[in-house]
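All values derive from a computational prediction rather than experimental measurement.
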Amino acid sequence: MKRKVLTILSLMLLVSIGLQAKTIKVLAIGNSFSEDAVENYLYELAAAQGDSLVIGNAYIGGCSIDCHLGNLKTGKTDYAFRKIVGGKKTDTKKSRLDSIIVNEPWDIISLQQASPLSGQPDSYKNLGELKRMVQELATNPNVEIVWHLTWAYPQKSRSGAFKNYGSSQETMYKAILNTAKEELPKVGIGRCIPSGITVQLAREDLGDCMNRDDIHLSLSLGRFAAACTWCEFLTGKSILYNTYWPDDVSGFDVKMIHKATHKAMKNVNKIMKVPL
């Protein structure tokens, strides 16, 4: 009798999960920072909570707002279109950005700035035009254009661009936040994916160990942190209850990443002070 009751309860739980499950199509128009954020662990995190993602990444290393806008206008075939469907990744070289945008009826399309310029307001002057062109090309009339808030460099970074922020992680972090706070409302972008906030909060608990080099996230811990942020943003489900994590991330580190992610998501509007 107990086994029968448990079976019924299990079936009810599966039905409940199925009813709440989401299929979301998301495209990142970015560079190596979007590669760090969406191409590893994100699909698995969503699948672990019963959600299905179609993930696209329009990739050119170091590509800025102006770079993406120019490529849209000229039709350059400089993109690698990385796409994850059913957990399988494909990589189509020599792709055009307009063809990537129309490849799927994307629910969400993210934009971002190249990291050296991420905290420099003057570099955002063409963001509105880029957003408008992307939105006009999108085949989903309800597509939402969002912002990927990227991270400050590690304090030990030797990147030349780090000097623009006084070679200070704290200065760069605040510049990224302040620039987004000022520039996003001007172009009508109301929501951002706060990867940079998650990374900074995680550094408070784990130390400055989130990067593999002078700018990019570490292949396990750092990328996992960004993927957790994207997962909670896209699905609206707390990452605290997610059961997936990479084998080479310790249980303690998972707990700290979950904590940082949920705090970033819960407090992003307060931290950013971006009106929604």
Student: Heavy-atom distance under 4.5 Å between the side chains of Ile109 and Val146, does that happen here?
Tutor: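 In short, these two side chains do not touch, never coming nearer than 4.5 Å.
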
Student: Go through the steps for Ser110 and Trp147 under the test side-chain contact (heavy atoms from CB on, under 4.5 Å), then give the verdict.
Tutor: CA-CA 5 Å; Ser110 72; Trp147 185 252; over 6 Å; no

Student: Which heavy-atom pair separates Asn57 from Gly30 by the least distance, and what is that distance?
Tutor: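 Here Asn57 and Gly30 meet closest at OD1-N, 4.3 Å.
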
Student: Should Lys259 and Asp205 count as an ion pair when the cut-off is N to O under 4.0 Å?
Tutor: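 Yes, Lys259 and Asp205 are salt-bridged.
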
Student: Whether Asp214 and Arg158 form a salt bridge (side-chain N of Lys/Arg under 4.0 Å from carboxylate O of Asp/Glu) is what I want to check.
Tutor: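 Counted as a salt bridge, because a side-chain N and a carboxylate O are separated by less than 4.0 Å.
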
Student: Is a side-chain N or O of Asn31 found less than 3.5 angstrom from the main chain of Ile60, in a donor-acceptor match?
Tutor: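 Such a contact is absent between Asn31 side chain and Ile60 backbone.
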
Student: For the NZ atom on Lys89, are there more than 12 heavy atoms of other groups (residues, nucleotides or ligands in this structure) within a distance under 6.0 Å?
Tutor: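 Yes, because the 6.0 Å sphere around NZ of Lys89 holds more than 12 heavy atoms from other groups.
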
Student: Please check if the side chain of Trp106 supplies one atom and the backbone of Ile101 the other of a donor-acceptor pair under 3.5 Å.
Tutor: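 Side chain of Trp106 to backbone of Ile101: a pair is present.
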
Student: Indicate whether any N or O donor in one side chain lies under 3.5 Å from an N or O acceptor in the other, for Thr150 and Gln113.
Tutor: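 No, no side-chain donor-acceptor pair sits under 3.5 Å.
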
Student: Has Ser99 got a side-chain atom pairing as donor or acceptor with Arg96's backbone, closer than 3.5 angstrom?
Tutor: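 Confirmed, Ser99 side chain pairs with Arg96 backbone.
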
Student: For the residue pair His148 / Ser34, report whether a side-chain donor-acceptor contact shorter than 3.5 Å exists.
Tutor: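 No.
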
Student: Keeping the roles fixed (side chain from Asp253, backbone from Val249), state whether a donor-acceptor pair exists under 3.5 Å.
Tutor: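 It does not hold such a pair.
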
Student: Which pair of heavy atoms, one from Tyr124 and one from Thr179, lies closest together, and at what distance?
Tutor: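 The pair with the smallest heavy-atom distance is CE1-CG2, 3.4 Å.
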
Student: Hey, are Gln49 and Asp51 close enough side-chain-wise for a donor-acceptor pair under 3.5 Å?
Tutor: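 Their side chains do contain a donor-acceptor pair, which is all the 3.5 Å distance test asks for.
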
Student: Under a 4.0 Å threshold between the charged nitrogen and the carboxylate oxygen, would Arg212 count as salt-bridged to Asp36?
Tutor: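 Salt bridge between Asp36 and Arg212, a charged N being under 4.0 Å from a carboxylate O: yes.
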
Student: I'd like to know if the side chain of Tyr153 pairs up with that of Asn211 as donor and acceptor (distance under 3.5 Å, no hydrogens or angles considered).
Tutor: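 No pair is found: no donor N or O on one side chain lies under 3.5 Å from an acceptor on the other.
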
Student: Just by distance, do the side chain of Ser220 and the backbone of Asp248 share a donor-acceptor pair under 3.5 Å?
Tutor: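 Between the backbone of Asp248 and the side chain of Ser220 there is no qualifying donor-acceptor contact (under 3.5 Å).
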
Student: Mind checking whether Arg203 and Met210 have side chains closer than 4.5 Å, heavy atoms only?
Tutor: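 A side-chain contact under 4.5 Å exists here.
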
Student: Would Lys73 and Glu129 pass as an ion pair if we require N to O under 4.0 Å?
Tutor: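 So Lys73 pairs with Glu129 through a salt bridge.
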
Student: More than 12 foreign heavy atoms under 6.0 Å from CZ of Arg132: is that the case here?
Tutor: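 Yes, enclosed.
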
Student: After noting the C-alpha distance and the side-chain angles of Asn242 and Leu240, does the key distance pass the side-chain contact (heavy atoms from CB on, under 4.5 Å) rule?
Tutor: CA-CA 6 Å; Asn242 199 293; Leu240 299 176; over 6 Å; no

Student: Do we see a donor-acceptor contact under 3.5 Å between the side chains of Arg191 and Asn269?
Tutor: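 No, because no side-chain N or O of Arg191 sits under 3.5 Å from a partner of the opposite role on Asn269.
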
Student: Could you pull out the closest heavy-atom pair between Trp230 and Ala37, with the gap in Å?
Tutor: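 Closest approach of Trp230 to Ala37, heavy atoms only: NE1-CB, 3.4 Å.
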
Student: Consider only side-chain heavy atoms of I, L, V, M, F, W and Y, link residues closer than 4.5 Å, and tell whether Met265 and Ile176 are in one cluster.
Tutor: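 Shared cluster, no.
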
Student: Start with the C-alpha distance between Asp107 and Asn140, add both sets of side-chain angles, then the distance that settles side-chain contact (heavy atoms from CB on, under 4.5 Å), and finish with yes or no.
Tutor: CA-CA 7 Å; Asp107 299 299; Asn140 181 352; 3.4 Å; yes

Student: Taking all atoms of both residues into account, what is the closest heavy-atom pair of Pro121 and Glu182, and its distance?
Tutor: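 That would be CG-OE1, 3.9 Å.
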
Student: Taking atom types as modelled and ignoring hydrogens, do the side chains of His216 and Asp213 form a donor-acceptor contact shorter than 3.5 angstrom?
Tutor: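 Indeed, the side chains of His216 and Asp213 share at least one donor-acceptor pair under 3.5 Å.
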
Student: Gln155 side chain to Gln169 main-chain N or O, any donor-acceptor pair under 3.5 Å?
Tutor: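 Yes, Gln155 side chain to Gln169 backbone: donor-acceptor pair under 3.5 Å.
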
Student: So does Ile215 get a backbone contact from the side chain of Trp151, meaning a donor-acceptor N/O pair under 3.5 Å?
Tutor: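 Indeed, once roles are kept as given, a pair shorter than 3.5 Å links the two residues.
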
Student: What's the shortest heavy-atom distance between Arg223 and Leu217, and which atoms?
Tutor: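 Minimum heavy-atom contact is N-CB, 3.9 Å.
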
Student: Salt-bridge test for Glu170 and Lys174: reply yes if a basic N is under 4.0 Å from a carboxylate O, no otherwise.
Tutor: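 Lys174 and Glu170: salt-bridged.
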
Student: Just wondering, do Ile145 and Val134 contact through their side chains at under 4.5 Å, heavy atoms?
Tutor: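 Heavy-atom side-chain distance check passes, below 4.5 Å.
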
Student: Will you find, in the side chains of Tyr241 and His262, an N or O donor that is under 3.5 Å from an N or O acceptor?
Tutor: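 There is no such pair between these side chains.
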
Student: Taking NZ, NE, NH1 and NH2 as the nitrogens, is one of them in Lys83 or Glu104 under 4.0 Å from a carboxylate oxygen of the other?
Tutor: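 Result for this pair is yes, salt bridge flagged.
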
Student: Would you compute the distance between atom OG of Ser64 and atom CG of Leu117 and round it to the nearest 0.5 angstrom?
Tutor: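 If we round to the nearest 0.5 Å, Ser64:OG and Leu117:CG are 6.0 Å apart.
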
Student: Is any side-chain heavy atom of Asp122 closer than 4.5 Å to a side-chain heavy atom of Gln120?
Tutor: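 No, too far: nothing below the 4.5 Å cut-off.
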
Student: Considering only NZ, NE, NH1 and NH2 on the basic side and carboxylate oxygens on the acidic side, decide whether Glu35 and Arg82 come within less than 4.0 Å.
Tutor: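 Yes, charged N to carboxylate O under 4.0 Å.
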
Student: Do Phe224 and Trp245 come close enough that some side-chain heavy atom pair is under 4.5 Å?
Tutor: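 Sidechains of Trp245 and Phe224: in contact.
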
Student: Do Leu130 and Asp66 have side chains that get closer than 4.5 Å, going by heavy atoms?
Tutor: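 In short, these two side chains do not touch, never coming nearer than 4.5 Å.
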
Student: Identify the heavy atoms of Tyr165 and Pro116 that sit nearest to each other, and give their distance.
Tutor: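 That would be OH-O, 2.8 Å.
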
Student: Check whether any side-chain N or O of Tyr41 sits under 3.5 Å from a backbone N or O of Tyr244 as a donor-acceptor pair, and report yes or no.
Tutor: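 No, because the side chain of Tyr41 does not come within donor-acceptor range (under 3.5 Å) of the backbone of Tyr244.
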
Student: Decide side-chain contact (heavy atoms from CB on, under 4.5 Å) for Leu206 and Phe252; before the verdict, give the C-alpha distance in whole Å, the side-chain angles of both, and the deciding distance to 0.1 Å.
Tutor: CA-CA 10 Å; Leu206 299 173; Phe252 175 79; 3.8 Å; yes

Student: Considering only heavy atoms from C-beta outward, does the side chain of Ile84 approach that of Val54 to under 4.5 Å?
Tutor: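 Side-chain contact under 4.5 Å: no.
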
